[in-house]
2 protein chains.
Amino acid sequence: MEIDDRKLKILKAIISNYLETGEPVGSRTISKFTDLNLSSATIRNEMQDLEEMGFLKQPYTSAGRIPTDKGYRLYVDQMMVEKDSEMEEMKTQLLERVDKMESMLKQVAKVLAYNTNYAALVSAPQYQNSKLKFIQLSQVDDNQMLAVIVVDNNVIRNKLIPIDRPMENDEILKLNVLLNTFLQGASLQDINLEMIHTIKNQAGEYAEVMEGIFQGITEAIHEADEVEIYTNGATNMLKYPELGNVEQTTKLLEALEDRQGLDELIDETLHNDSDTGIQVYIGEETPVSSMKDCSIVTATYELAEGAKGTIGIIGPKRMDYQKVVSTLKNLTGELDEIFKKKE
Amino acid sequence: MEIDDRKLKILKAIISNYLETGEPVGSRTISKFTDLNLSSATIRNEMQDLEEMGFLKQPYTSAGRIPTDKGYRLYVDQMMVEKDSEMEEMKTQLLERVDKMESMLKQVAKVLAYNTNYAALVSAPQYQNSKLKFIQLSQVDDNQMLAVIVVDNNVIRNKLIPIDRPMENDEILKLNVLLNTFLQGASLQDINLEMIHTIKNQAGEYAEVMEGIFQGITEAIHEADEVEIYTNGATNMLKYPELGNVEQTTKLLEALEDRQGLDELIDETLHNDSDTGIQVYIGEETPVSSMKDCSIVTATYELAEGAKGTIGIIGPKRMDYQKVVSTLKNLTGELDEIFKKKE
DNA sequence: GTTAGCACTCAATCCATTAGAGTGCTAACA
DNA sequence: TGTTAGCACTCTAATGGATTGAGTGCTAAC
């Protein structure tokens with residue numbers, strides 16, 4: 001059977017009503033609610049068709065209809081029209097405190113959760129392809145060197161390196177020159193064993209110190225490769241009782257608290273990039289098992305130099321997709337702006 | 001009325017039973033449960049006395065008894081005396097790397113939550129009056145200077161400062177010397193307007209750059225004095241339905257997620273130090289309003305140089321106090337070990 | 001002082017009934 | 001042929017009365 005215009009209209013009305021109320025939608029409601037001027041009986045017939053086609057289902061016999069995953073999918077794909085309102089307030093919230101990346105991303109998660117009333121998730125950008133801009137060694141005290149590593153999007157990492165004996169100033173200067181000569185402009189993958197070996201050779205008597213330095217650098221790199229994930233508003237999920245039993249919700253909250261499976265989710269979103277950067281996972285489509293009863297909407301943002309991150313919303317299947325999508329789009333845009341300014 | 005030995009025994013039996021089951025305890029249960037060989041009627045009489053004395057209450061007429069806050073308090077005090085395994089004094093050296101510490105403390109929170117099935121809370125050690133240890137200016141590119149500021153607990157802060165024109169190497173060197181001469185070892189209070197003025201004067205044409213640096217310094221010191229708090233196992237709270245309505249629990253979870261009032265709690269524990277380092281807050285005694293229906297057990301640990309931190313458990317009033325207390329004691333001991341090894 | 005016994009209380013559970021929201025089907029209608 | 005009115009039917013949720021049973025308080029007897 002083909003889905004015609006009227007069926008589409010009815011389906012849309014049903015889903016949209018269900019999104020608001022969370023209750024199964026009856027034929028009479030639709031008969032009154034839409035401007036189709038059809039009786040409830042006719043709507044019922046259409047509903048039967050739509051159920052047959054797999055877009056709707058009844059939670060139990062002779063109850064109203066609720067959308068299936070397939071129904072949501074159609075709704076999301078075909079009927080999404082963006083709402084651009086409500087964005088201004090959010091922008092001001094965002095700009096209040098933007099000094100450090102970490103606190104900014106946390107802030108983003110908070111704003112997102114607060115504005116949508118769902119759970120929010122933000123991943124820090126991954127810098128696999130970024131290049132080293134600057135390395136600086138300096139002596140903090142007799143037992144410690146400080147290595148400051150600046151990546152070209154101005155992400156800065158610090159490492160404290162224990163040393164056996166104090167170094168002279170000009171020695172430090174020499175090492176700094178050496179390090180910057182070899183490593184400036186190198187991407188993090190470029191720093192391989194061979195290069196390390198070369199540098200160590202040239203470091204002469206400080207090869208040993210260099211050992212500690214490289215260890216610090218690799219640690220820093222490793223740390224940079226790790227995806228930080230911030231979540232917020234997990235407790236919002238308690239507001240949607242239709243997420244089934246308490247156990248299911250508890251599992252979900254635990255997953256959010258412990259970041260279980262969130263790595264996979266982030267990976268998935270980064271690799272499975274759509275045209276718009278927006279992706280919607282409905283019910284069983286989600287890559288995380290504890291979220292099978294939810295929907296996830298994600299957007300990827302991109303800094304210069306190919307560093308990408310994900311922001312997303314986890315909510316009930318009956319989430320306000322329009323609002324969430326437009327919120328995410330605006331926020332990624334905003335993030336882009338901010339990062340550009342910081343450069 | 002005086003509380004005699006038998007009453008105490010009965011009270012303990014009641015509380016201990018209630019801790020297990022979470023259900024009001026009846027006289028018959030106690031009659032069988034204890035080795036007192038008393039009939040339920042006698043127990044009932046005693047129970048009435050205990051209720052009159054404020055240790056027990058009935059959730060409704062003709063139900064069994066449950067402990068009041070006062071009852072719990074007696075129980076806990078009594079228990080502490082009996083167990084009396086003394087806390088060894090915790091002396092540890094300053095931690096080498098603060099960044100490692102973060103993940104360790106997170107781990108501690110996780111272990112704590114997992115083992116007790118309550119919510120866990122860990123605060124990073126607090127250094128009052130952090131002092132500036134080292135400051136380094138360097139040039140990242142033509143438009144930016146990088147100021148690296150190391151505070152004496154090895155908290156490192158970076159600040160990028162935009163500049164109009166590139167600076168010469170020896171100029172930078174001069175500024176570095178200037179800054180370190182004046183500021184090394186200074187605490188936040190030391191860095192007053194007068195000092196800033198002096199330095200700015202000596203900086204000559206770079207007074208403007210100095211502005212940004214001072215800002216970075218104050219931020220860094222503030223950050224060092226800020227208490228990081230890690231939580232885990234918040235979702236465990238969903239397992240205890242007697243925490244009243246869902247709203248109350250939601251509030252609690254939100255407080256844990258957003259760290260609302262946790263600062264106050266940590267402050268309280270640090271100032272209100274008991275002999276053993278263990279503190280128990282029951283019901284209304286808790287400093288955080290969203291936890292009035294819970295109990296909180298905390299332990300403080302102490303690093304060298306007066307840096308103190310808190311680890312704690314938040315759970316229902318009927319928590320397994322013995323287990324929690326001994327777990328906390330063990331963990332603080334464990335922390336002690338770890339810090340010593342890292343010396 | 002302790003206990004047995006009994007009347008009483010009250011939340012929880014069960015059960016039957018009802019209300020009502022909604023469907024499916026059929027027959028009539030335009 | 002598509003639409004609609006009408007009606008029987010289904011199933012959940014809500015209601016409320018009866019019942020259960022754990023547990024108390026009191027009294028009288030040991």
Side-chain angles (χ1 to χ4, degrees), chain A residues 1-11 13-15 17-18 20-68 71 241-242 244-245, chain B residues 1-11 13-15 17-18 20-68 71 241-242 244-245:
Chain A
M1 191 186 298
E2 269 305 286
I3 189 162
D4 59 20
D5 198 52
R6 195 175 74 178
K7 280 189 171 51
L8 206 60
K9 241 177 180 162
I10 291 171
L11 178 59
I14 291 170
I15 296 185
N17 184 281
Y18 180 67
E20 271 177 46
T21 63
E23 297 291 321
V25 185
S27 55
R28 201 147 168 282
T29 313
I30 298 303
S31 166
K32 282 192 271 181
F33 190 65
T34 60
D35 51 359
L36 289 169
N37 278 331
L38 293 176
S39 77
S40 62
T42 313
I43 302 291
R44 273 202 293 285
N45 292 333
E46 296 286 39
M47 276 167 140
Q48 271 180 328
D49 291 348
L50 285 167
E51 178 161 6
E52 205 172 293
M53 295 158 77
F55 295 113
L56 295 176
K57 70 181 172 195
Q58 291 176 287
Y60 50 85
T61 341
S62 82
R65 303 301 207 289
I66 62 176
T68 60
E242 79 269 25
N245 42 18
Chain B
M1 192 184 297
E2 267 307 287
I3 189 162
D4 58 21
D5 198 50
R6 195 173 75 176
K7 280 190 174 47
L8 202 61
K9 242 178 180 164
I10 291 171
L11 178 59
I14 291 171
I15 296 185
N17 185 283
Y18 180 66
E20 272 178 45
T21 63
E23 297 292 322
V25 185
S27 54
R28 202 149 167 278
T29 313
I30 297 303
S31 167
K32 282 193 268 180
F33 190 65
T34 61
D35 51 358
L36 291 168
N37 278 331
L38 293 175
S39 77
S40 61
T42 314
I43 302 290
R44 275 202 291 287
N45 292 334
E46 296 288 38
M47 276 166 139
Q48 270 179 328
D49 291 350
L50 285 167
E51 177 160 6
E52 205 173 292
M53 293 156 80
F55 295 114
L56 295 176
K57 70 182 170 194
Q58 289 176 289
Y60 49 84
T61 343
S62 80
R65 304 301 208 289
I66 61 176
T68 60
E242 79 267 26
N245 43 17

Look at the side-chain N and O atoms of B/S62 and state whether any lies under 4.0 Å from the OP1 or OP2 oxygen of C/dC8. no
Should A/Q48 be listed as having a side-chain N or O under 4.0 Å from OP1 or OP2 of C/dG24? yes
Nearest whole angstrom, please: distance from the P of C/dA7 to the CZ of B/R44. 15 Å
Whole-Å distance, A/N45 CG to C/dT26 C1', equals 11 Å
Nearest-Å distance, OH (B/Y18) to P (D/dA22)? 19 Å
Heavy-atom pair of closest approach, residues B/A63 and B/Q58: O-NE2, 2.9 Å
Below the 4.0 Å mark, does C/dT23 have OP1 or OP2 next to a side-chain nitrogen or oxygen of A/R28? no
Whole angstroms only, please: what is the CG-P distance between B/L50 and D/dT24? 12 Å
Tell me which of A/G64 and B/S40 sits closer to the 5' end of DNA chain C, going by the nucleotide each one is nearest to. B/S40
Please report, rounded to the nearest Å, how far the P atom of D/dT4 is from the CD1 atom of A/I43. 9 Å
Looking at every non-hydrogen atom in both residues, tell me the closest pair between B/T34 and B/A13 and how far apart they are. CG2-CB, 3.5 Å
In whole angstrom, give the distance that lies between atom CD1 of A/I10 and atom P of D/dG2. 14 Å
Heavy-atom closest pair, residues A/G54 and A/T68: O-OG1, 2.6 Å
OP1 or OP2 of C/dT3 under 4.0 Å from side-chain N/O of B/T42: yes
Protein-nucleotide distance (A/E46, atom CD; D/dT3, atom P), rounded to Å: 7 Å
Please determine, for C/dC29, whether a Watson-Crick or G-U wobble partner exists with both distances under 3.5 Å, and give it or none. D/dG2
Does D/dG23 have OP1 or OP2 sitting under 4.0 Å from an N or O in the side chain of B/Q58? no
Can you tell me the pairing partner of C/dC6 across any strand shown, Watson-Crick or G-U wobble, with both distances under 3.5 angstrom? D/dG25
Starting from C1' on D/dG23, measure out to CD1 on B/I14 and report it in whole angstrom. 13 Å
Per atom distances to the A/Y60 side chain, the nearest of C/dT2, C/dT23, D/dC11 is D/dC11
I want to check one thing: is the phosphate of C/dA21, taken as OP1 and OP2, less than 4.0 Å away from some side-chain N or O of A/R65? no
Using a cut-off of strictly less than 4.0 Å, decide whether B/S27 has a side-chain nitrogen or oxygen near OP1 or OP2 of D/dT24. yes
On a heavy-atom basis, the closest approach of B/P59 and B/I66 is CD-CG1, 4.3 Å
Give a yes or no answer on whether the side chain of B/S27 reaches the backbone of B/A41 with a donor-acceptor pair at less than 3.5 Å. no
Determine: side-chain N/O of B/T61 to OP1/OP2 of C/dC10, distance under 4.0 Å, yes or no. yes
Which listed nucleotide (C/dT3, D/dT4, C/dC25) is nearest to the side chain of A/L38? D/dT4
Note: A/K7 and A/L50 closest approach over all heavy atoms is O-CD1, 3.9 Å
